[in-house]
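Below is one structure, written out as structure tokens; comments come after it.
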2 protein chains.
Amino acid sequence: MIPFFQFSKRYISLSKEAENAITEISKIILIKKHTELQPIGHTCKTIYFINKGIARIYYFKDGTDITESFSFENNIIARVESLFTGQPSRKAIQILEDAEIVAINSTLLFKLYDKFPEIERLFRLIVESAYVDTINRIEGIQFHSAEERYKALINEAPDVLKRVPLKYIASYLGITQVSLSRIRGIR
Amino acid sequence: MIPFFQFSKRYISLSKEAENAITEISKIILIKKHTELQPIGHTCKTIYFINKGIARIYYFKDGTDITESFSFENNIIARVESLFTGQPSRKAIQILEDAEIVAINSTLLFKLYDKFPEIERLFRLIVESAYVDTINRIEGIQFHSAEERYKALINEAPDVLKRVPLKYIASYLGITQVSLSRIRGIR
DNA sequence: GAATATATTTAACATAAGATAAATAATCAC
DNA sequence: GTGATTATTTATCTTATGTTAAATATATTC
């Protein structure tokens, strides 16, 4: 749990009691790559924090696999459209590199909010930050060519390029794999 | 302030004291259409709630005006990438129809969070919901054609089409005005 | 309500990205 | 390590959307 509490310090410093309360509702799991951490159709009741490895959220559009997002070490991953609405998710979480993951039970977490306002605040700040990232991502998609988006990704997240198969990156950028390959070929 | 508290009831029911505290840090303003409510380059310290009228957030990309979002009656509008980071915003808020707006001072609001956990919770829930909307919007952009996006907008927000000039809608959909006009022409 | 400014559509042409198929290259399983 | 599977690139052709410019249509101002 140490990496998670280090991560949380970026937002707020928790009391020992709050940390213990979070530890009690969490467990650490080891997962092999290519494994489905959460399947499509399942209502999400878990927030994950990645100690080691890579995960992605994906879904199918007309039979095509589309990557919504990637998460790396020291970051959170959750299917928020399900977590915050109670609706079953149309998305799945898949592990791309052997991973060690902290699984936080969200039902119990949300209950902790009453007893520990500091925990509620922590997750409020995490969501605010993720929301800002998403707003910025829309700006990135809205009026940039495929090539611009690819180059932006190289700059902002070179790790993705090194560690994730291109076929997953293409749909994340909103283009086909063939287009991505063509863009990469131009030099 | 009544419409705002009616809106907030969707998320949580506030105590009278909490409502009064919010009222004290808010003011109601009337603005004519085409007015700039907030200029580009200004660090955002206000959360707006629209009682009446329409507003949009926009920015410039290579000299072209791009609409990030619209907000109508009974909804919140804020430049969150500035509000939550303290950075100056590259975006502006513009009024598209004569408006009556509640302006909530965010600096004072964030201070109220300590005294009123229920207010912190309200805004946590509002942000969670806005975040989910934004995630869904990315899905809408990521792999749909211009025509699909236009038709989705007709279904989900027919009001936008009726009350907002097409030139603003085009960039919101991520296409040029000429493309939008062409799509509309097909019948 | 005429004159002006602004918004929308239409046309013609250019280009980026999609689709399909096939060729390589890389990875995995035994 | 060899064969089989999976990932990536390359080629060809098609199509949707961008670009520029001009023509209408609508809204605004005096």
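Heavy-atom basis, side chains included; hydrogens, waters and symmetry copies ignored. Throughout, a chain's letter reflects where its sequence line sits, starting with A, and its residues are numbered from 1.
Taking the side chain of B/Ser145 as heavy atoms from C-beta on, and the options D/dT17, C/dT10, D/dT8, the nearest nucleotide is D/dT17. For B/Val178, taking side-chain heavy atoms from C-beta onward, the closest of the listed nucleotides D/dT19, C/dA19, C/dA7 is D/dT19. Minimum atom distance to the side chain of A/Leu166 is reached by D/dT9, of the listed D/dT9, C/dG18, C/dA11.
Residue A/Ser179 places no side-chain N or O under 4.0 Å from the OP1 or OP2 atom of C/dA17. Proximity of B/Arg184 to the phosphate of C/dT9: a side-chain N or O atom is located under 4.0 Å from OP1 or OP2. Contact between the side-chain N/O atoms of A/Thr176 and the OP1/OP2 oxygens of C/dA17 is not found at any separation under 4.0 Å.
Straight-line distance from the CD1 atom of B/Ile175 to the P atom of C/dA16: 19 Å, rounded to whole Å. Between B/Lys167 atom NZ and D/dA27 atom P there is a gap of 13 Å when expressed in whole angstrom units. Counting to the nearest Å, the C1' atom of D/dT15 and the CD atom of B/Glu148 are 14 Å from each other. Regarding A/Leu96, its CG atom lies at a distance of 11 Å from the P atom of D/dA7, rounded to whole Å. Atom CG in B/Asp98 sits about 11 Å away from atom P in D/dT28, given to the nearest Å. Straight-line distance from the CD atom of B/Gln177 to the P atom of D/dT26: 15 Å, rounded to whole Å. Between the NE2 atom of A/His144 and the P atom of D/dG18 there is a distance of 14 Å, given to the nearest Å. The separation between A/Leu173 atom CG and C/dA17 atom P is 11 Å, rounded to whole Å.
When atom types are taken as modelled, the side chain of B/Glu156 and the backbone of B/Leu153 share no donor-acceptor pair closer than 3.5 angstrom. Between the B/Glu148 side chain and the B/Ser145 main chain, a donor and an acceptor come within less than 3.5 Å of each other.
A parallel orientation is assigned to the rings of A/Phe4 and A/Phe123, their planes being inclined by less than 30° (bins at 30° and 60°). Classification of the A/Phe110-A/Tyr113 ring pair by plane angle, with boundaries at 30° and 60°, yields tilted.
When the local axes at the two ends of the helix from C/dG1-D/dC30 to C/dC30-D/dG1 are compared, using 5 base pairs at each end, they differ in direction by 60° after rounding to 10°.
No single ILVMFWY cluster, assembled from side-chain heavy atoms under 4.5 Å apart, contains both A/Val127 and A/Ile77.
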All N/O pairs under 3.5 Å across the protein-nucleotides 28-30 of chain C interface:
{"unit_1": "C/dC28", "atom_1": "OP1", "unit_2": "A/Lys33", "atom_2": "NZ", "d": "3.4"}

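With a 4.5 Å cut-off on side-chain heavy atoms, A/Ile93 and A/Glu36 do not count as touching. Side chains of B/Ile50 and B/Asn74 form no contact here, defined as non-hydrogen atoms less than 4.5 Å apart.
Salt bridge A/Glu73/A/Lys52: absent, no basic N to carboxylate O contact under 4.0 Å.
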Verdict with reasoning, B/Lys91 to A/Glu139, per salt bridge (charged side-chain N to carboxylate O under 4.0 Å, His left out)
CA-CA 11 Å; B/Lys91 296 164 189 171; A/Glu139 191 182 329; 3.4 Å; yes
